[in-house]
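Down below is the structure, laid out as structure tokens.
Here the structure is a predicted model, which means the values were calculated and not measured.
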Amino acid sequence: AEADIILAPDGNVGIGTAAPGALLHLSKDAAEARTQIDTNSDTNSHAANINFRKAGGTAASPTNVADGERIALIQGLGYHTDGFSSAAGLRFEVDGTPGDGDMPGRILFLTSADGAATLTERMRIDSSGNVGIGDTDPSEAKLSIDNVASGDKGISLKQDQVQQALYIDQNTNQNSIHIDSEADSYNVLHFQAPINDSGHIIRIEAADALTTGSAISIDCGSTALATTASGGLVEILHDANSTSNVNNLLYIINDHASS
């Protein structure tokens, strides 16, 4: 019978294979191939660990790694016709200048596109904890999304629960939402066919806390509005039967006697 463990002449070790293609090669036919690491301890800090280590130089005389250097790669490969090709992977890299007690790192999430067999970065978490999706330098935001494909949405939220779909808790003196739009023929903010039959589409609460400023401010700058375009600073479109459905197009309550 074929030996379960093979030590090849080149020093490679095979378990379940007579031709190991790596320092340690595990293979299994007609069954699941898996590895298992057990730790048995009542101490919380004792855990089953897998460590990937990288240094320059040699094992006897290691040298420092540098900014941007790859430390480890975990990848899944699939076989088709001409061999195994990469489908997806995780890559660990140095993300800054290392020093004594200082090893900044980042994690890259990689996939191969349809029609390709080369890993491409899709998302990363940098040494500051910032996340970039399609952005290889998310230093400007905790979550940065860039390079959205044509026809795709940047973010899509579908909420089936009785709770806010998007909740922003802004605790500093800055805009909670800032939209920098370069659209010249589309709405900057659009609400599509709300189904509300009561309540409000847009509601601003606690506006009485304002001592200066406005609940809503419209600044069109010094550029004159187009004379040939419909609309204006405020445009209200209404095509319902106002004789049978009394709906106010503009409703203002002012309880201040002097205004």
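Remark: Ser144 pairs with Asp135, Glu140 by the side-chain hydrogen bond (donor to acceptor under 3.5 Å, both in side chains) rule, at least two apart or across chains. Evaluation of the side-chain contact (heavy atoms from CB on, under 4.5 Å) rule for Asn49 yields Ala47, Asn51 as partners, not counting sequence neighbours. Contacts of Asp95 classified as salt bridge (Lys or Arg N to Asp or Glu O under 4.0 Å), with partners at least two apart in sequence or in another chain: Arg106. Applying the salt bridge (Lys or Arg N to Asp or Glu O under 4.0 Å) criterion to Arg91, with sequence neighbours excluded, gives Glu93. With sequence neighbours excluded, no residue forms a ring-ring contact (aromatic ring centres under 6.0 Å, His included) with Phe52. Scored by the side-chain contact (heavy atoms from CB on, under 4.5 Å) test, Ala183 finds Ser181, Tyr186 as partners (sequence neighbours excluded). Scored by the side-chain hydrogen bond (donor to acceptor under 3.5 Å, both in side chains) test, Thr81 finds no partners at all (sequence neighbours excluded).
Using a 4.5 Å cut-off between side-chain heavy atoms of Ile, Leu, Val, Met, Phe, Trp and Tyr, with links allowed through other members, Ile125 and Leu90 fall into the same hydrophobic cluster. At a threshold of 4.5 Å between side-chain heavy atoms, the hydrophobic network of Ile, Leu, Val, Met, Phe, Trp and Tyr places Leu73 and Ile107 in two separate groups. A continuous path of Ile, Leu, Val, Met, Phe, Trp and Tyr side chains, each step under 4.5 Å between heavy atoms, connects Val148 with Ile133, placing both in one hydrophobic cluster. When the side chains of ILVMFWY residues are joined at heavy-atom separations under 4.5 Å, either directly or via intervening members, Val13 and Leu23 end up in two distinct hydrophobic clusters. Hydrophobic clustering, with ILVMFWY side chains joined whenever heavy atoms are under 4.5 angstrom apart, groups Val131 together with Leu166.
For the pair Leu119/Leu108, no side-chain contact is recorded, criterion being any heavy-atom separation below 4.5 Å from C-beta on. Taking the side chain as every heavy atom from C-beta outward, Asn64 and Pro98 never approach each other to under 4.5 Å.
In this structure, the separation between CG on Leu110 and CD on Glu121 is 6.5 Å, given to the nearest 0.5 Å. Summarising the geometry, atom OG1 belonging to Thr17 is positioned 8.0 Å from atom CD1 belonging to Ile6; distances are rounded to the nearest 0.5 Å. Note that CG of Asn171 is 9.0 Å distant from OG of Ser176, once rounded to the nearest 0.5 Å. In this structure, CG on Asp146 lies 8.5 Å from OG1 on Thr136, to the nearest 0.5 angstrom. For the atom pair Asn40 CG and Asp42 CG, the distance stands at 9.5 Å (nearest 0.5 Å).
The main-chain N or O of Thr118 is found under 3.5 Å from a side-chain atom of Ser112 such that the two form a donor-acceptor pair. Listed for the Thr43 side chain is no donor-acceptor partner under 3.5 Å among the backbone atoms of Ser45. Looking only at distances, no side-chain donor or acceptor of Thr39 sits under 3.5 Å from a matching main-chain atom of His46.
Between the side chains of Asp137 and Ser139, at least one donor N or O sits under 3.5 Å from an acceptor N or O.
Heavy atoms only, all atoms of each residue included: Thr97 and Asp67 are closest at N-CB, 4.3 Å. Taking each heavy atom of Ser127 and Pro104 in turn, the nearest pair found is CB-CB, 3.9 Å. Shown here for Asn130 and Lys142, the closest heavy-atom pair between the two residues is OD1-NZ, 3.2 Å.
Applying the 6.0 Å contact sphere to CD1 of Ile50 captures no more than 12 heavy atoms from other residues, nucleotides or ligands.
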Please tabulate, for the side chains in residues 26-37, all donor-acceptor contacts under 3.5 angstrom to protein atoms that are two or more places apart in sequence or on a different chain.
from	atom 1	to	atom 2	distance (Å)
Gln36	NE2	Asp38	OD1	3.3
Gln36	NE2	Asp38	OD2	3.4

Distance-only criterion, 3.5 Å: show the donor-acceptor pairs between side-chain atoms of residues 151-165 and protein atoms not counting sequence neighbours.
from	atom 1	to	atom 2	distance (Å)
Gln159	OE1	Gln161	N	3.0
Gln159	NE2	Gln164	O	3.3

Going by atom type alone, with no hydrogens or angles, which donor-acceptor pairs under 3.5 Å involve a side-chain atom of residues 201-218 and a protein atom two or more places apart or on another chain?
from	atom 1	to	atom 2	distance (Å)
Arg203	NE	Glu205	OE2	3.0
Arg203	NH1	His200	NE2	3.2

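For residues 64-89, the ring pair (Phe, Tyr, Trp, His ring centres under 6.0 Å) pairs, not counting sequence neighbours, are Tyr79-Phe84. Pairs of residues two or more places apart, or lying in two chains, never qualify as ring pair (Phe, Tyr, Trp, His ring centres under 6.0 Å) while including a residue from residues 99-153.
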